[in-house]
Amino acid sequence: MLRMAQPIIHHRTAEFREIFKRASENLQYLFQTEQPVLTLTSSGTGAMEAALVNTLSAGDEIIHVNGGKFGERWGNIATAYGVTAHPLAIDWGGAPSVDDALAMLDRHPGAKAFCLTHSETSTGSYTDVRAMAAALRERFDGLIIVDGITAVGAHEMRFDEWGIDIAVTGSQKGLMIPPGLAFIALSERAWKAAETSTLPKFYYNLKKAKKSIATADTPWTPAVTLVIGLDQALEMLRVEGIENVWARHDRLGSSLRAAVRALGLTLFADPPSNAVTSINLPERGDEFYALLKKKYSITAAAGQDHVKGKIFRVSHLGYYDEADMLAVIYAIESALTDVGHPHEQGAGLAAALAVFSGTENPVEVK
Ligand SMILES: *Cc1c(COP(=O)(O)O)cnc(C)c1O
């Protein structure tokens with residue numbers, strides 16, 4: 001990643017084009033798609049906005065799953081552009097059921113898009129996008145749009161095979177580089193929708209970006225330094241192999257979940273994301289959370305909105321490995337000891353090690 005500290009190169013040079021071309025091809029591997037994956041200079045939300053403004057028109061309707069801050073965001077973006085958003089509201093920490101999703105289609109037959117959040121970072125919950133896309137597609141011609149911002153690179157995602165129409169992700173989550181780049185892929189159906197979309201767009205005009213990427217170029221000046229970092233990060237993912245990356249995140253998520261249960265804590269999300277684990281705070285939760293951060297230097301995130309003070313979230317997305325998880329679990333155990341939470345010393349570490357060695361008790365510890 002020190003490549004990002006080297007002198008800047010101009011973006012309209014053969015040197016940059018070569019890097020951008022390779023990174024763009026590796027993004028197709030990451031998304032498992034033959035479609036071009038466009039790189040935008042923005043945070044992830046920019047790609048979410050681009051998804052809607054390039055395919056919809058004022059007065060259109062969308063359905064979006066709303067079970068957290070990010071699912072809610074689809075609705076906020078739509079509304080800002082005069083698109084009517086119908087939320088499929090679910091309890092925070094849960095995931096939408098296929099039946100409820102289909103019922104929304106029945107209720108709103110004119111919906112042009114169905115927006116999902118693959119890994120809802122604010123709650124740590126996971127949505128089975130493969131199953132959802134398959135069920136929706138049977139009776140829905142509109143666009144299946146997926147916020148993959150913490151899922152891509154942590155959970156299996158096969159854009160083409162699963163019939164996803166638009167997927168977005170961002171640089172600072174699964175891609176292990178600083179914030180500032182967002183990525184978006186569109187299916188043929190989505191590109192067709194782009195032909196008739198009349199919502200205003202200029203910077204986020206994806207047709208322009210698609211035209212440019214054919215010559216390894218971007219319509220506007222890209223964040224060159226970040227693209228260089230991206231190239232390196234994608235190279236690492238490619239070397240590890242995408243299936244292995246998914247499996248590693250599954251192992252890391254499983255180990256933390258097993259440890260949490262063994263320590264007598266409970267998980268907030270069901271089903272859980274393998275990118276972030278949300279855990280209900282123990283008694284003396286504020287003190288516990290402060291110790292975790294200050295005494296044990298663990299960067300856990302707090303809950304937001306109505307789960308503030310109720311949960312804490314531990315990320316294990318990107319550069320994490322087994323040793324990192326053991327350090328986190330050790331810190332959680334120690335902070336629990338400090339606040340007098342009863343548990344067997346080392347029980348969390350033992351549970352995680354059992355997951356790593358594949359010898360965990362198949363009967364889950366409750
Ligand atoms: C972080 C995140 C976003 C927003 O991305 P920004 O880069 O902050 O704009 C959207 N969705 C999910 C699931 C996220 O985790």
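Remember, it's 1-based here, ligands and their atoms both numbered in the order they're listed. All residue numbers refer to positions in the sequence shown, counting from 1.
More than 12 heavy atoms of other residues, nucleotides or ligands shown are found within 6.0 angstrom of NZ on K201. Around atom NZ of K293, more than 12 heavy atoms belonging to other residues, nucleotides or ligands sit under 6.0 Å away.
The aromatic ring centroids of F183 and F31 lie 6.0 Å or more from each other.
For the 3.5 Å distance criterion, the side chains of S212 and D217 fail to qualify, holding no donor opposite an acceptor. Between the side chains of Q345 and T337, at least one donor-acceptor pair of N or O atoms lies under 3.5 Å. Counting only N and O atoms by type, the side chains of R248 and N274 include no donor and acceptor under 3.5 Å apart.
Ligand 1 is approached by Q172 to a heavy-atom distance shorter than 4.0 Å. Not close to ligand 1: K69, with no non-hydrogen atom less than 4.0 angstrom away.
Ligand 1 places these atoms under 4.0 Å from at least one heavy atom of S119: 13 (C). In summary, the atoms of ligand 1 found under 4.0 Å from a heavy atom of S43, numbered by their order in the structure, are 6 (P), 7 (O), 9 (O). Set against the non-hydrogen atoms of T45, the atoms of ligand 1 under 4.0 Å away are 4 (C), 5 (O), 6 (P), 9 (O).
Nearest to atom 11 (N) of ligand 1 among the protein's heavy atoms is D147 OD2, 2.6 Å. Ranking the protein heavy atoms by distance from atom 15 (O) of ligand 1 puts T121 OG1, 2.4 Å first. Here the heavy atom of the protein found nearest to atom 3 (C) of ligand 1 is F70 CE2, 3.3 Å. Counting protein heavy atoms only, atom 2 (C) of ligand 1 is closest to K173 NZ, 2.6 Å.
If you look at P179 next to ligand 1, there are no close heavy atoms at all, none under 4.0 Å. Residue contacts with ligand 1, taken as heavy atom pairs separated by less than 4.0 Å, involve R73 solely via side-chain atoms from C-beta onward.
Judged by distance alone, with hydrogens and angles left aside, the side-chain atoms of Q28 form a donor-acceptor pair with the main-chain N or O of E34 at under 3.5 Å.
Considering backbone and side-chain atoms alike, G44 places an N or O below 3.5 Å from some N or O of ligand 1.
Counting heavy atoms from C-beta outward, H10 and F16 have side chains that stay 4.5 Å or more apart.
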